[in-house]
Amino acid sequence: MGRAVRDLEVAPGQTGPALALEDVSRQFAIAGGAMYQALDRVSFAVARGEFLAIVGPTGCGKSTILSLAAGLLRPTSGRILTFNTPLDRLNRRAAYLFQQDVLLPWKTALENVMLGPLLHRWPRGRAAEEARRWLARVGLAGFEDRFPHQLSGGMRKRVALAQSLIVGPAILLMDEPFSALDVQTRELMENDLLTLWQEERKTIVFVTHDLEEAIALSDRVLVLAAGPGTRVIGTHAITLPRPRDVTEVRLHPAFREVYRTIWAQLRGEVLRAYAAQGAPVRGGGA
């Protein structure tokens, strides 16, 4: 297979982590003029080519971290760097894959994938050629002329993935991208993502509520505390062998051990978040 076009890739010789948050805090104004402390001095770094998964209770600020990394939000304090360069505007080296696809309904799959290249002023012929190649890479050859409403949920996710990767980002930010899919389609998409990651070695920051998904996909799992004032409470290296199949890796003897270790740390935060929301607290385990 051919390599992705590298318009937004890192210049040769550029060093440092792909992404680093240094003592990043973020506040939001809420009703009555009060301030809500979403993040409190969060620090972590993501190596170039690393697959990092972030887990934590609902409302702990996972999506806020992605928005900060994308440059869509600014930290209240602290700083964010990409390849040792402070981020003070939109992160042009990153692509953001949202939980819900944002395909334009009046454009075909091909036209949707072409949008990024055309915004970057690629010649239309080159944009169409690359869009066809990327649709083929995500398994949608022959579906170029379909509109979003004519595609299944999994197919729309494949279009969105091609749309994100075609312009060659160095960093891929993914916010629960497969949560709305059925189990079988989800596993297919997870394996497709791993295949593309193995080939392209993008830096991936992957937010998920599913701890099994986080372990099956990633090199490292970052655990966040319940909000407000979310902070990093743990980081766990995942040493399961690669390449991986997300179904088969769950049967690996070390998988359950890793799961139990992380869940022991995460469970209390999940229960604390539920209690803060007034939800009934029930028992749980690995």
Side-chain angles (χ1 to χ4, degrees), residues 1-10 14 17-20 44-55 62 65-66 69-70 82-83 91 93-99 101 113 116 130-131 133-140 154-179 181 185-222 235-250 252 254-255 258:
M1 292 183 181
R3 300 287 290 174
V5 178
R6 301 297 182 188
D7 281 33
L8 302 185
E9 272 287 16
V10 179
Q14 197 163 3
L19 180 69
F44 65 89
V46 191
R48 184 173 183 175
E50 183 180 13
F51 197 130
L52 177 76
I54 301 178
V55 298
K62 299 184 294 294
I65 287 174
L66 290 190
T82 56
F83 303 97
N91 191 345
R93 303 199 185 281
Y96 199 149
L97 194 63
F98 295 91
Q99 184 174 359
D101 66 68
V113 178
E130 283 294 314
R133 187 172 72 83
W134 271 105
L135 284 169
R137 289 194 67 180
V138 298
L140 289 179
M155 288 177 171
R156 290 196 298 273
K157 282 296 179 186
R158 292 172 189 272
V159 175
L161 188 57
Q163 190 180 54
S164 297
L165 291 172
I166 188 173
V167 292
I171 304 168
L172 187 58
L173 307 170
M174 308 186 76
D175 191 358
E176 296 190 75
F178 308 139
S179 61
L181 302 177
T185 302
R186 182 172 182 165
E187 289 186 355
L188 288 171
M189 288 296 306
E190 289 167 346
N191 280 326
D192 287 346
L193 175 63
L194 283 179
T195 298
L196 287 168
W197 176 76
Q198 288 283 151
E199 294 171 355
E200 297 292 322
R201 284 297 176 176
K202 304 292 183 188
T203 301
I204 295 181
V205 182
F206 189 99
V207 160
T208 178
H209 278 99
D210 186 334
L211 182 53
E212 287 198 359
E213 179 179 57
I215 296 168
L217 291 174
S218 71
D219 295 318
R220 188 161 53 105
V221 175
L222 196 75
T235 181
H236 301 266
I238 308 300
T239 58
L240 296 166
R242 293 194 186 274
R244 295 180 195 162
D245 177 281
V246 297
T247 303
E248 293 177 1
V249 77
R250 287 172 166 85
H252 194 282
F255 187 93
V258 174

Problem set entry | Test item: W197 side-chain N/O and I204 main-chain N/O as donor-acceptor pair under 3.5 Å | no
For this session: Please report the shortest heavy-atom distance between S218 and F51, naming the atom on each side.
Result: CB-O, 3.4 Å
For this session: Give the C-alpha distance, both sets of side-chain angles, the deciding distance and a yes or no for salt bridge (charged side-chain N to carboxylate O under 4.0 Å, His left out) between E248 and R244.
Result: CA-CA 8 Å; E248 293 177 1; R244 295 180 195 162; over 6 Å; no
Seminar exercise, completed: Residues passing the salt bridge (Lys or Arg N to Asp or Glu O under 4.0 Å) test with D101, sequence neighbours excluded, are R156
Problem set entry | Approximate separation, where rounding is to 0.5 Å, of I215 CD1 and T208 OG1 | 10.5 Å
For this session: Measure across R250 and A216 and return the closest heavy-atom pair with its distance rounded to 0.1 Å.
Result: NH1-CB, 4.1 Å
Seminar exercise, completed: Value for CG (L194) from CG (L217), rounded to nearest 0.5 Å, stands at 5.0 Å
Problem set entry | Atom pair CG/CZ of L161 and R137 - distance to nearest 0.5 Å | 10.0 Å
For this session: Might you work through the side-chain contact (heavy atoms from CB on, under 4.5 Å) test for E130 and V167, ending with a clear yes or no?
Result: CA-CA 9 Å; E130 283 294 314; V167 292; over 6 Å; no
Problem set entry | Side chain proximity check, V205 to L172, heavy atoms < 4.5 angstrom | no
Exercise. Do the side chain of T203 and the main chain of G49 share a donor and acceptor less than 3.5 angstrom apart?
Worked result: yes
Problem set entry | Sub-4.5 Å side-chain heavy-atom contact between L222 and V55 | no
Exercise. Would a 4.5 Å heavy-atom cut-off, applied to side chains only, mark S164 and M174 as touching?
Worked result: no
Exercise. With sequence neighbours excluded, what pairs up with Q99 under the side-chain contact (heavy atoms from CB on, under 4.5 Å) test?
Worked result: E176, S179
Exercise. Quick one: CG on N191 to CG on D245, what's the gap to the nearest 0.5 Å?
Worked result: 4.5 Å
Exercise. What do the steps show when you test D219 against R242 for salt bridge (charged side-chain N to carboxylate O under 4.0 Å, His left out), and what is the final call?
Worked result: CA-CA 10 Å; D219 295 318; R242 293 194 186 274; 3.0 Å; yes
For this session: Please tell me if the side chains of F206 and L193 come closer than 4.5 Å, counting only heavy atoms from C-beta onward.
Result: yes
Seminar exercise, completed: Correct closest heavy-atom pair for V249 and V246 would be CG1-O, 3.6 Å
Exercise. Of the non-hydrogen atoms in A18 and I171, which two are nearest, and what is the gap between them?
Worked result: O-CD1, 3.4 Å
Problem set entry | Partner set under ring pair (Phe, Tyr, Trp, His ring centres under 6.0 Å) for F44, not counting sequence neighbours | none
For this session: Please tell me if the side chains of V258 and I238 come closer than 4.5 Å, counting only heavy atoms from C-beta onward.
Result: yes
Problem set entry | Straight-line distance of M155 CE to M189 CE, nearest 0.5 Å | 11.5 Å
Exercise. Should L181 and K157 count as side-chain neighbours, where that means a heavy-atom distance under 4.5 Å?
Worked result: yes
Exercise. From L19 CG over to L173 CG, what is the distance, rounded to the nearest 0.5 angstrom?
Worked result: 7.5 Å
For this session: Report yes if the side chains of F98 and D175 come closer than 4.5 Å at any heavy-atom pair, otherwise no.
Result: no
For this session: Would you tell me whether T247 and E187 have side-chain atoms, one donor and one acceptor, within less than 3.5 Å of each other?
Result: yes
Exercise. P177 and L97: which non-hydrogen atoms are nearest, and at how many Å?
Worked result: CB-CD2, 3.9 Å
Exercise. Between the main-chain N or O of V138 and the side-chain N or O of R158, is there a donor-acceptor pair closer than 3.5 Å?
Worked result: yes
For this session: Answer whether the closest heavy-atom distance between the side chains of R48 and R201 falls below 4.5 Å.
Result: no
